[in-house]
Amino acid sequence: LADSLSQSQLRELQDSNLDDEAKLDQLAEWLDIGYGNCYLGQANIAKLMADALTHLEGERYRLIAWVVMPNHVHVLFLPISEQQLSTIVKSWKSYTANQANKELGRTGPFWKPDYFDRAIRNAEDLHNTIEYIHYNPVKAGLVAAPQDFEWSSVYGLYLQGKEFMDQKLYVEAEEKLQDALLKDHNYLPALVKMAELKFRNHQLKESFELAKKALSIDTHDGGANYFYGLAAMHLGDIDNAKDGFTLAILSTPFRSAAYA
């Protein structure tokens, strides 16, 4: 926000000989102190910001992880097609500044004119950045655990769980998927991935119930149908197994497995 850093802090950053990464670390430390009016700490303004971030998700950009802190925002995203990072950020800031000033009954700058950005270098950097974003409210002392903070993304938690699954780190995967489901108990990808995890751990009833819940949200989801059918088959429930596999074969990723 416009008042999230003092002029002396800005001058110190500008005059510093630190490299860009070290400057970002220093910036993050100052921001987490909560300097300024912290308008984004108000629920109505935080919701306005969260709605702005998610409004064009899938159309102009793919959101990976985000958090709305009291005086700043972290967003990890991938622009789609020819969309420019600067244009996307400008649209977020312009819309939220106008709307927030109306809500707050104020005039004047809402955001600082510039923003800080960096590219993700590799898969490890991606994981660490998602982790940082979701743990920022914990680091700042706002909540005890990431899932307790209302104004952050569920997708990043799910993505971490999925990555741990791919690496066969099932304990860590379950922790992240549980965090995602605590944040949004109807989040379909996390339900399906948790159903898979429970099946891998031979927790057949739990896998079946998770897949069943996922199907109550989307009857045609391929993964939900596949693990519903698989768990049902191992539980000796042939009718439900057939129902699950019949729909799973309509989904390309699960077609050959369901046929087998």
Side-chain angles (χ1 to χ4, degrees), residues 1-54 63-77 85 88-90 92-93 96-97 100-101 103-104 106 108-121 124-160 175-176 179-180 182-184:
L1 295 180
D3 63 352
S4 60
L5 293 171
S6 67
Q7 290 302 313
S8 62
Q9 287 171 327
L10 286 172
R11 283 194 298 272
E12 184 176 336
L13 271 184
Q14 291 166 355
D15 297 339
S16 172
N17 293 321
L18 296 172
D19 61 32
D20 289 345
E21 191 136 346
K23 284 183 179 180
L24 285 174
D25 290 341
Q26 179 63 78
L27 177 65
E29 184 179 328
W30 285 337
L31 288 172
D32 287 343
I33 293 171
Y35 187 83
N37 285 297
C38 294
Y39 293 125
L40 292 167
Q42 300 181 29
N44 59 328
I45 308 301
K47 182 179 186 305
L48 190 156
M49 185 71 233
D51 289 346
L53 292 176
T54 56
L63 287 175
I64 298 172
W66 56 268
V67 64
V68 179
M69 296 291 287
N71 66 354
H72 66 284
V73 179
H74 291 293
V75 192
L76 178 61
F77 68 100
L85 182 148
I88 293 168
V89 174
K90 182 180 179 181
W92 287 336
K93 293 175 71 173
T96 53
N101 277 345
E103 291 262 354
L104 295 165
R106 68 183 294 276
F110 185 74
W111 297 102
K112 287 195 179 299
D114 206 354
Y115 60 90
F116 294 87
D117 68 276
R118 70 176 185 85
I120 297 297
R121 296 185 295 271
E124 181 182 3
D125 189 26
L126 175 66
H127 172 83
N128 290 340
T129 302
I130 294 171
E131 188 87 353
Y132 176 83
I133 288 172
H134 284 126
Y135 272 87
N136 196 191
V138 178
K139 179 173 173 283
L142 301 177
V143 290
Q147 66 270 18
D148 297 334
F149 193 69
E150 185 172 4
W151 307 109
S152 62
S153 59
V154 68
Y155 177 71
L157 292 169
Y158 158 73
L159 187 62
Q160 286 182 295
E175 179 184 338
K176 294 301 179 184
D179 285 348
L182 282 170
K183 196 164 198 54
D184 182 352

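- Listed by chain and number, the residues in a ring-ring contact (aromatic ring centres under 6.0 Å, His included) with His134 amount to none (sequence neighbours excluded).
- Between Gly108 and Asn101 the shortest heavy-atom distance is O-ND2, 3.0 Å.
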_Run the side chain to side chain contact (heavy atoms under 4.5 Å, CB included) test on Leu126 and Leu76 for me, step by step, so that the C-alpha distance in whole Å, both residues' side-chain angles and the decisive distance to 0.1 Å come before the verdict._
CA-CA 9 Å; Leu126 175 66; Leu76 178 61; 3.7 Å; yes

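- Taking Asn37 as the reference, Asp3, Tyr39 meet the side chain to side chain donor-acceptor pair (under 3.5 Å) condition, with sequence neighbours excluded.
- For Ile33, the side chain to side chain contact (heavy atoms under 4.5 Å, CB included) partners are Trp30, not counting sequence neighbours.
- A distance of 5.0 Å separates CG in Asn44 from CD in Glu103, rounded to the nearest 0.5 Å.
- For the pair Lys176 (side chain) and Tyr158 (backbone), a donor-acceptor distance under 3.5 Å is absent.
- Atom-to-atom distance recorded for Arg11:CZ and Leu5:CG is 12.0 Å, nearest 0.5 angstrom.
- To the nearest 0.5 angstrom, Thr129 atom OG1 is 10.0 Å from Glu124 atom CD.
- Residue Ala2 comes nearest to Pro109 through the heavy atom pair CB-O, 3.7 Å, listed as atom of the first residue, atom of the second, then distance.
- In this structure, Trp92 has its ring center closer than 6.0 angstrom to the ring center of Phe77.
- Once rounded to the nearest 0.5 Å, the distance linking CD of Gln147 with CG of Leu157 reads 7.5 Å.
- Remark: Lys183 does not engage Asp179 in a salt bridge, criterion side-chain N to carboxylate O under 4.0 Å.
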*asked:* Set out, in order, the CA-CA distance, both residues' side-chain angles and the distance that settles side chain to side chain contact (heavy atoms under 4.5 Å, CB included) for His74 and Leu31, then state yes or no.
replied: CA-CA 11 Å; His74 291 293; Leu31 288 172; 5.6 Å; no

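- The CD1 atom of Ile45 sits 13.0 Å away from atom SG of Cys38, with the distance rounded to the nearest 0.5 Å.
- Of all heavy-atom pairs between Ala65 and Ser153, the closest is CA-OG, 3.2 Å.
- Looking at heavy atoms from C-beta onward, Leu27 lies in side-chain contact with Phe116 at the 4.5 angstrom threshold.
- Atom NZ of Lys112 and atom NZ of Lys93 lie 10.0 Å apart (nearest 0.5 Å).
- Of all non-hydrogen atoms in Ser4 and Tyr35, the two that sit nearest each other are O-CB, 3.5 Å.
- Shown here are the side chain to side chain donor-acceptor pair (under 3.5 Å) partners of Asn71, two or more places apart in sequence or in another chain: there are none.
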*asked:* side chain to side chain contact (heavy atoms under 4.5 Å, CB included), that's the test. Do Val67 and Val73 meet it? Break it down for me.
replied: CA-CA 6 Å; Val67 64; Val73 179; over 6 Å; no

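- Applying the salt bridge (charged side-chain N to carboxylate O under 4.0 Å, His left out) test to residues at least two apart or on different chains, the pairs with a partner in residues 138-148 are Asp32-Lys139.
- Side-chain contact between Tyr155 and Thr54 is absent, with no heavy atoms from C-beta onward closer than 4.5 Å.
- Looking at residues two or more places apart in sequence or on another chain, you find no ring-ring contact (aromatic ring centres under 6.0 Å, His included) involving Trp111.
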*Would you please test Leu142 and Trp151 for side chain to side chain contact (heavy atoms under 4.5 Å, CB included) and show each step?*
CA-CA 12 Å; Leu142 301 177; Trp151 307 109; over 6 Å; no

